[in-house]
Amino acid sequence: METLTFDSDDLDVTEDFLSRAYARMRIGSGSPGSHRARIRRTGIDAVSVDELALDFEMDYSVTPLGRICLCVMHEGTVRDHAFQGVEDSFGAGDVVLFAPPDLPYTGRICNARYNITMLEPTLLAQVAGDADGSRPVRLTGHRPRSAVSARHLYRTIVHLRDTVLADPEMADQPLVAATAAQHLAASVLAAFPNTALDGSAADSADAHPAVLRRALAYIDDHADQPVTVADIAAAAHVTARALQYAFRRHLDTTPLAQLRRVRLAHAHHDLVAADPGTGATVTEIAARWGFHHPGRFASLYRDTYQRAPHETLAGG
């Protein structure tokens, strides 16, 4: 897990740090007095979550980040934010995409506290694209489709920051890291307009039972490994869209929901087999199978097995 902190009131030092932490940029300020900037980052693999506080007005001109950069405004404003074809301003409560990964952007931050969450664009393809990258997924709007989708994405970011990234031992679990990153990517796709929404007739035609059998076999054989939708689609020899159609048509579910069910079954088996006298815990077993929120794991487990996971571990 990656962590870093920064605290300075020297604009040159801040510019150098921002250029190393994000992308090469120029900043400036006409504000009198302090130019204090504070930044705290936690991250796993292809995802990072930063909390920033700027106690002054700062102009910025940023080269392409190469990553998807989401901004959640807590206090203050971002004004005159612009990239190719877009100019907008943001205030407290707004959730926005700063810019596509391949475009530069400019603007002005005014006495603001805000969150920056960054993820690799390949995560979108892993969730809804093709394994070979032949159909990359792009976001086509910088604001969420609705206030509801914005709130859902914000809750996902908070959960990632306060639950997964707050516990280094949890974040370092491979399945936890992979599941959390995919959950964020799926929430981004649910929130913003994107190219993955448009299916084709060929995708629908490919959604036959044989596809489902190959996909289910792959999930069963690889549940103990980080698995993406693109991986499952490649194993089933179809596009990710066709895979989604097949699961929706024949099982009324999604590939990732099926993967979660299989992992839950493995966690149940481990709880039955474990000896609490050796130090085995529900949290440790849940994390082994990618469940990084103990409360949600317990709720899902009770819904499925009609008992609490600690009761199964105790052999009651």
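Along the sequence shown, residues are numbered consecutively beginning with 1.
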Could you report the tightest heavy-atom contact between [X] and [Y], atom names first, then the distance?
X    : Y    : answer
M170 : V164 : CB-O, 4.5 Å
P226 : A178 : CB-CB, 3.7 Å
T239 : A242 : OG1-N, 3.0 Å
A267 : I285 : O-CG2, 3.8 Å
V229 : L243 : O-CD2, 3.8 Å
A180 : I44  : CB-CD1, 4.4 Å

For the residue pair H266 and W289, does the interplanar ring angle fall in the parallel (under 30°), tilted (30 to 60°) or perpendicular (over 60°) class?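 Because their plane-to-plane angle is under 30°, the rings of H266 and W289 count as parallel.
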How are the rings of Y60 and H81 set to each other: parallel, tilted or perpendicular (split at 30° and 60°)? tilted
Is the NZ or CZ atom of R260 positioned over Y301's six-membered ring, under 6.0 angstrom from the centre and within 45° of the axis?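 Not flagged: R260 not positioned over aromatic ring of Y301.
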Has [X] got a side-chain atom pairing as donor or acceptor with [Y]'s backbone, closer than 3.5 angstrom?
X    : Y    : value
N194 : L189 : yes
S31  : E57  : yes
T179 : V176 : no

Do [X] and [Y] have side chains that approach each other closer than 4.5 Å (heavy atoms only, starting at C-beta)?
X   : Y    : result
E51 : T42  : no
F98 : I116 : yes
L18 : F6   : no

Ignoring hydrogens and angles, state whether a donor on the side chain of [X] or [Y] is under 3.5 Å from an acceptor on the partner side chain.
X    : Y    : result
R36  : T14  : no
D50  : Y114 : no
H292 : H159 : yes

Does the ring center of Y105 lie less than 6.0 Å from the ring center of F83? no
With a sphere of 6.0 Å drawn around [atom1] of [X], does it hold more than 12 non-hydrogen atoms of other residues, nucleotides or ligands?
X    : atom1 : answer
Q225 : CD    : yes
H269 : NE2   : no
R138 : CZ    : no
D303 : CG    : yes
R24  : CZ    : no
R288 : CZ    : yes

Before accepting this row, confirm whether a basic side-chain N of the pair R248/D252 lies closer than 4.0 Å to the acidic partner's carboxylate O. no
So, are R143 and D94 salt-bridged, with charged N and O less than 4.0 Å apart?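 Yes, this pair counts.
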Please evaluate residues D55 and R38 with respect to the criterion salt bridge (Lys or Arg N to Asp or Glu O under 4.0 Å), reporting the C-alpha separation (whole Å), side-chain torsions for both, the decisive distance (0.1 Å), and the verdict. CA-CA 9 Å; D55 297 334; R38 290 163 288 159; 3.2 Å; yes
